[in-house]
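Quick note on labels: first sequence line is chain A, next is B, and so on, each numbered from 1.
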Amino acid sequence: MGIAKDIVAESIYTALPQLSLQEIDELLEVPPNQDLGDYSFPCFTLAKKLKKSPVLIASDLAEKMPENKLFEKIDVVYGFVNFSLNKGYLASKLLPKIISEHKEYGKSAEGAGKTVVLDFSSPNIAKPFSVAHLRSTVIGHSLARIWEHMGYKAERVNHLGDWGTQFGKVIVAYKKWGDEPSEHSKGSIRHLLELYVRFHKEAEDQPDLDDEARLWFKKLEDGDKEAYSLWQQFRKTSLDNLREVYELMGVGFDHYTGESFYNDLMPKAIEKLEPFMEVSEGADIVSLGEDMPPFLVRKSDGATLYGTRDLTAAIYRFETFNFAKCLYVVGGEQALHFKQVFAVLKKLGYDWADSCEHVPFGLMRFGDMKLSTRQGNVIFLEDVLNKAIDLTKEIIEEKNPDIENKDDVARMVGVGAVIFNDLRNNRIKTINFEWDDLLNFQGDTGPYIQYTHARACSLLSKAEEVTTVNLELLQEVEEEVLVAELERFPDIVKQAARANEPSTIARYLLSLARDFNKFYQAHRILDVEEELKKARLTLVDAIRKTIDTGLFLLGLEAPEKM
RNA sequence: GCGCCUGUAGCUCAGCUGGAUAGAGCAACGGACUUCUAAUCCGUAGGCCACAGGUUCGAGUCCUGUCAGGCGCGCCA
């Protein structure tokens, strides 16, 4: 929570004890226009409670407001009490705080001692890591950092799809054609894809291949040595590739507990389900009433399903982590599935089922291009990232060819563009995959924010370190806007966490960057009178650090030069 | 057929739990680099907030209905 918003809320509280501090905090809003003030307290909802007109309540309230150096002006407009903050005073309190706290700025103690489990990314092994997996990966990664900023301990779980019939297919294909990989793909994930694609192509004419695949998966489940060793080999090849991509993006996990991890735990979970199970059409189901289809525990052939493994995983996670929250960052098309899983958990008497939450996101679509792993039409995430990095290199060569460690910077910016493109909008929105959007580095983009950061760094590097400084000198409109905006950052993080919505931070950073660039355009910073220069550099430093922290929360790096 | 999600400028989208004149970016057009990074900034133009009712002092936001698109609806994940 920002210091100023707290003070405003407390001041209102002293004059209006009928409401709790928290209620006041929630009512406080930022007016649409800076001229109206920095915080606004609407009195309309109070009208009924106090049996007075909103306008009267507002003017009474304004009367009773305690003196505070922070308030420059308190206006009553309509039924709003508008607070204009004394920006010079605010700056003198806020900017040193931001500078000394840096990455800790906006951090909350709310989650102290609590754990949040995040299930995200979770790609299918033996299939390539495609752009389709990008969303869960970057949203989950960002949310983990946001919750950590709220004081929680985050457990990042990669629920790998490393079990299932597709492994039977790859085993069959490998045994038949595995020794004829094309030149570039030997031993790589691309080879596995070739096999997967070839399997589906040949299976069109030879349906018995499918039976063979099921047989091999059955063998795998029964612990057949050859099947198991091949599975291990494929799993390793896939994981090696995954880790490469994760490293490129700076994404990490605390646990790689995929579906196969729960094989041994499932019988126990199914045992707990027994009292609720019934047989329907040969399969074991748990009925969930009228408004939901039943939950399938076991297929008619006795094999378990995805849902069974999710259920087992949930129980395991609660027993292991005793989580306060368990977030499933999975596409919105699986909403019903999670609703069912949570309902079954409730049925089992687990109250913590209410702490489990599906965090859905919209589909990644590809326009007219039909993408199908089976047909081999895949856009590798790795290729997307590398294309973005290559383009960044070209831009660097053109604009700033002299900077050192070009490759590092190109990676940070290229990858940042891809990540930001995904996090910029509400996660529920469908994204159309467009190369042009992805490779545009102007406007509302990651590189724009990174560029702004680099610009600020450049200013700071050209000046000596600032020690004593009079921040009351920051009186230009552009400066006041920035100070007020910096103050909102802690609240923004809170909002982002509450809604599990990284885009809240992305939007904030765009706005902060835009306002900084306007300021930069309108005023000189280095060649002004010494005291003013110090004050402006302090502002620049606070902005630079807030952008750095915000980018971190999104999972982007902040290069000092670009 | 039933359920969930989405519908705001030509395009992509913001708009916090209802609040003050609906905001950005892209694309288009016109400007600003002998000076702190032009991956920037300024300006012009662009809107029956899908439609129709309702609730309210107040609705892009809430409720109902309609339309359009997406997704899902027991042996895939």
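- Summary of the strand contacts: Ala522(A) and Thr45(A) both lie near RNA chain B, and taking for each the nucleotide with the nearest heavy atom, the more 5' one is attributed to Thr45(A).
- Residue Ser458(A) places no side-chain atom within donor-acceptor reach of the base of C36(B), judged by atom type and a 3.5 Å distance cut-off alone.
- Following rounding to the nearest Å, Phe44(A) (CZ) and A59(B) (C1') show an atom-to-atom distance of 14 Å.
- Phosphate proximity of A77(B) to Arg309(A): present, with a side-chain N or O under 4.0 Å from OP1 or OP2.
- Note: CG (Leu28(A)) to P (U17(B)) measures 15 Å, nearest angstrom.
- Residue Tyr448(A) places at least one side-chain N or O under 4.0 Å from the OP1 or OP2 atom of C41(B).
- The aromatic rings of Phe217(A) and Trp163(A) stand perpendicular to each other, their planes meeting at an angle above 60°, with 30° marking the opposite boundary.
- Interatomic distance, Glu23(A) CD to Ser20(A) OG, rounded to the nearest 0.5 Å: 3.5 Å.
- Here the side chain of Asn517(A) is nearest to one of C41(B), G15(B), C71(B), namely C41(B).
- Salt-bridge check for Asp75(A) with Lys73(A): passed, with a basic side-chain N closer than 4.0 Å to an acidic carboxylate O.
- Note: CG (Asp437(A)) to P (A27(B)) measures 11 Å, nearest angstrom.
- Under the side-chain hydrogen bond (donor to acceptor under 3.5 Å, both in side chains) rule, Ser503(A) has a single partner from Asn425(A), Asp422(A), Asn426(A), which is Asn426(A).
- An anti orientation is assigned to G15(B), its glycosidic angle lying beyond 90° of 0.
- Salt bridge Asp25(A)/Lys494(A): present, at least one basic N to carboxylate O contact under 4.0 Å.
- Across all strands, Glu501(A) comes closer than 4.0 Å to no nucleic acid atom at all (heavy-atom distances).
- Neither OP1 nor OP2 of C5(B) sits under 4.0 Å from any side-chain N or O of Lys429(A).
- On the P atoms, C62(B) is 8 Å away from G18(B), given to the nearest whole Å.
- Scanning atom types as modelled, one donor and one acceptor separated by under 3.5 angstrom connect the side chain of Ser280(A) and the base of G74(B).
- Contact annotation for Ile428(A): backbone-only contact, meaning every heavy-atom pair under 4.0 Å involves sugar-phosphate atoms and none involves a base.
- Taking atom CG on Asn400(A) and atom P on A38(B), their separation rounds to 10 Å, with Å as the unit.
- For C33(B), the O4'-C1' to base torsion is within 90° of 0; the nucleotide is therefore syn.
- Side chain Asn82(A) to base A20(B): a donor-acceptor pair is found below 3.5 Å.
- With rounding to whole Å, Asn33(A) atom CG is found 12 Å from A22(B) atom P.
- For the pair Lys299(A) and C76(B), the criterion of a side-chain N or O lying under 4.0 Å from OP1 or OP2 is met.
- Nucleotides A59(B) and A22(B) have their C1' atoms positioned 12 Å apart, rounded to a whole Å.
- Of the candidates C73(B), A39(B), C26(B), A39(B) carries the atom nearest the Ile395(A) side chain, counting heavy atoms from C-beta on.
- The phosphate of A39(B) has neither OP1 nor OP2 within less than 4.0 Å of any side-chain N or O from Asn440(A).
- Taking the ring centroids of His159(A) and Tyr262(A), they lie under the 6.0 Å cut-off.
- Between the C1' atoms of C67(B) and C51(B), the separation comes to 7 Å (whole Å).
- In RNA chain B, stems built from 3 or more consecutive Watson-Crick or G-U wobble pairs, each with both distances under 3.5 Å, span B:1-7 with B:67-73, B:10-13 with B:23-26, B:28-32 with B:40-44, B:50-54 with B:62-66.
- Using a cut-off of 4.0 Å between Lys/Arg side-chain N and Asp/Glu carboxylate O, Glu557(A) and Arg411(A) are scored as salt-bridged.
- Taking the C1' atoms as reference points, C29(B) lies 28 Å from U34(B), given to the whole Å.
- Contact annotation: side chain of Gln495(A) to base of C16(B), donor-acceptor pair present below 3.5 Å.
- Across the C1' atoms, A14(B) and A32(B) are found 28 Å apart, a figure rounded to whole Å.
- Where Val413(A) and Asn425(A) meet RNA chain B, the nucleotide closest to each residue was compared, and Asn425(A) sits on the side nearer the 5' end.
- Electrostatic pairing of Glu259(A) and Arg309(A) counts as a salt bridge here, judged by a charged N lying under 4.0 Å from a carboxylate O.
- Counting atom types as modelled, Ser40(A) pairs a side-chain N or O with a base atom of A20(B) as donor and acceptor under 3.5 Å.
- Stacking is found between Phe80(A) and the pyrimidine-like six-membered ring of the A20(B) base under the 5.5 Å centre-distance and 30° plane-angle cut-offs.
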